Amino acid sequence: MKSVVALVGCPNVGKSTLFNRLTRSRDALVADHAGLTRDRIYGHVRQDDAEFILIDTGGLTDQTDNMAELMRKQAQLAIDEADLILFLVDGRHGRTPSDEQIAQLLRNVGKPVMLVINKTEGEQKEIAAADFYSLGMGEPEVISAAQGRGIDKLIKRVVKSLPDAAKVDEEIDESEDDGRIKLAVVGRPNVGKSTLVNRLLGEERVVAFDEPGTTRDSIYIPFEKDGTSYTLIDTAGVRRRSKVSEALEKFSVVKTLQAVEAANVVMLVLDAQEGVVEQDLHLAGLIVESGRAVVIAVNKWDGLEKQEREWVAANIERRLPFLNFAKTHFISALHGSGVGLLFKSVKQAYSSALTKIPTPRLTRALEDAIADHPPPLVNGRRIKFRYAHLGGKNPPRIIIHGNQTESTPQSYRRYLENYFRTALKLHGTPVMVEFKTSDNPFREKQHQASPKQQEKRQQAARRQRKK
């Protein structure tokens, strides 16, 4: 499972700015106003050849109002979930009594803590750090989250402090595929996930009744279907943050994210009676970001009229265009209609996600894609792609080598991803295309003429002057 890192500290010390910097996103609200983040925000960090889950929390204060108490509870839950805690302080304001209180709290937690001094723009590291050694948090990291100063060094130290951090392998990891299809069933609370799991299993293995938040943790269930081995992962529902009130349900979000990462295929369950809502979009985005193969199950389909069904189908197509590679099934988990067809799509998505594609086949597909739609010109020269090979699985990661590949626009990258998926008959899985510019070993020689060539050029120049 991926390690978990939590950001904690006083309000307005730059936790959300650092969160956005590390996750390369804008998921956390950022403004020069204390207390913007009231709930926990989760994101994936993929840097320095490692991956981990990052949690942004609200600021810890000594105020006694209800909102401050709620934010303290949320921060405490993040601390409970974390394998490592990043304690952020403000380098401009120096050490405060609130910093000392938080330091005392973290010393009693018994988990690794790293002191991070933020907002040190224009200051020397030694001067910025001097005031905080008395907190007893060890050697601090001095950064500027807004400017990116010190971020690379911070990430390297974080990775070293997380021995279980998931490593991003450059080559294919065959050990991840044990032949058993790991299927995670995810969705908002009360969309019928546990009912669907029971229907897939053919027995009452998971408690299911009409109350949101029944499942508190991810449940791993091995089973076989038509000669195929599966591990089915039933996850707790992920609710819209403003609607979540129970601490146990909040605690389950990390487990859901980890279940997605552990899966080969993710079954996203939607509620046909509600259509695609904002939390569905957020969850779908996390799944796509993880790179997992996807099957969409639209549940509670049996209770809709023809006109309502047409609206739901159009709504899914309009709001989830980034999942256009996923097969969509309209089902009733309660009555079983359409459920049996899910297994075919799951197996197909699994096979596509972990397929082995020979380099000659990938290179031929690349040549055909270029013939149909050549890459654009860059500074008057056309980008040249030479060959492609498979660099990873789950999802398929295609590495394309050539010249000026770093200038390839995003639109052409998307074209290649879609072309590869169609040409290679990959179903239900995203395709990641990466580029590598090859060094030209003859570049220097091209600019260095031989002595004979130099002599000929000089003679030609002398003749030209005489004329």
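It should be emphasised that the depicted structure is a prediction, and the values quoted were computed from it without experimental measurement.
Pro395 and Pro430 get closest at one heavy-atom pair: CB-O, 3.4 Å. Between Val276 and Asn315 the shortest heavy-atom distance is N-OD1, 2.9 Å. For the pair Glu434 and Arg413, the tightest heavy-atom approach, listed with the atom from each and the gap, is CA-NH1, 4.1 Å. When every heavy atom of Ala365 is checked against every heavy atom of Tyr419, the shortest pair comes out as O-CE2, 3.5 Å. Considering every non-hydrogen atom in both Tyr412 and Ala369, the closest pair reads OH-O, 4.3 Å. Smallest separation of non-hydrogen atoms from Leu54 and Phe19: O-CE1, 3.5 Å.
For residues 257-269, the pairs satisfying salt bridge (charged side-chain N to carboxylate O under 4.0 Å, His left out) are Lys2-Glu261, Arg46-Glu261, Glu261-Arg292, with sequence neighbours left out. For residues 99-116, the salt bridge (charged side-chain N to carboxylate O under 4.0 Å, His left out) pairs, not counting sequence neighbours, are Arg95-Glu100.
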Exercise for the section: Give the C-alpha distance, both sets of side-chain angles, the deciding distance and a yes or no for side-chain contact (heavy atoms from CB on, under 4.5 Å) between Val346 and Tyr230. Expected result: CA-CA 10 Å; Val346 168; Tyr230 297 84; 4.1 Å; yes
Exercise for the section: Might you work through the side-chain contact (heavy atoms from CB on, under 4.5 Å) test for Tyr133 and Leu115, ending with a clear yes or no? Expected result: CA-CA 9 Å; Tyr133 281 108; Leu115 180 64; over 6 Å; no
Practice task
List the steps, then state whether side-chain contact (heavy atoms from CB on, under 4.5 Å) holds for Lys384 with Gln404.
Solution key: CA-CA 7 Å; Lys384 291 185 178 180; Gln404 299 190 98; over 6 Å; no
Practice task
Go through the steps to decide whether Lys156 and Glu141 satisfy the test salt bridge (Lys or Arg N to Asp or Glu O under 4.0 Å), and finish with yes or no.
Solution key: CA-CA 11 Å; Lys156 290 179 180 178; Glu141 289 296 326; over 6 Å; no
Practice task
Applying side-chain contact (heavy atoms from CB on, under 4.5 Å), run through Ile400 and Lys436 and close with a yes or a no.
Solution key: CA-CA 6 Å; Ile400 298 177; Lys436 285 192 176 181; over 6 Å; no
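Distance alone, capped at 3.5 Å, is enough to place a donor-acceptor pair between the Lys193 side chain and the Arg188 backbone. Using a distance-only test at 3.5 Å, with no hydrogens or angles considered, no donor-acceptor pair links the side chain of Ser351 to the main chain of Gln348. Side-chain atoms of Asp83 come within 3.5 Å of backbone atoms of Val4 as a donor-acceptor pair (strictly under, hydrogens ignored). Judged purely by atom type and a 3.5 angstrom limit, Asn299 uses its side chain to pair as donor or acceptor with the backbone of Val191. The closest donor-acceptor contact from the side chain of Asn108 to the backbone of Gln104 lies under 3.5 Å. Panel note: side chain Asn394, backbone Leu354; no donor-acceptor pair is recorded below 3.5 Å. Under the 3.5 Å distance criterion, the side-chain polar atoms of Arg21 are matched with a main-chain donor or acceptor of Ala145. Of the possible polar contacts, one joining the Thr437 side chain to the Thr405 backbone as a donor-acceptor pair under 3.5 Å is found. With Thr429 contributing its side chain and Ser352 its backbone, the two residues share no donor-acceptor pair below 3.5 Å. Under the 3.5 Å distance criterion, the side-chain polar atoms of Asn264 are matched with a main-chain donor or acceptor of Lys182.
For the side-chain contact (heavy atoms from CB on, under 4.5 Å) with Pro396, the lone residue among Leu424, Leu362, Leu426 that qualifies is Leu426. If you run side-chain contact (heavy atoms from CB on, under 4.5 Å) between Val185 and each of Leu268, Leu232, Ile233, only Leu232 comes through.
In summary, the side chains of Thr120 and Ser144 do not present any donor paired with an acceptor at a separation below 3.5 Å, with no hydrogens or angles considered.
Aromatic rings of His373 and Tyr415 (six-membered ring for Trp) have centroids within the 6.0 Å cut-off, being under it.
How far NE2 of His389 is from CD1 of Ile399: 5.5 Å, rounded to the nearest 0.5 Å.
Using the six-membered ring where Trp is involved, Tyr387 and His401 have ring planes that are parallel, under 30° apart on the 30 and 60° scheme.
Between Glu278 and Arg319 there is a salt bridge, since a side-chain N of the basic residue sits under 4.0 Å from a carboxylate O of the acidic one.
Side-chain contact between Asp280 and Leu270 is present, with at least one heavy-atom pair separated by less than 4.5 Å.
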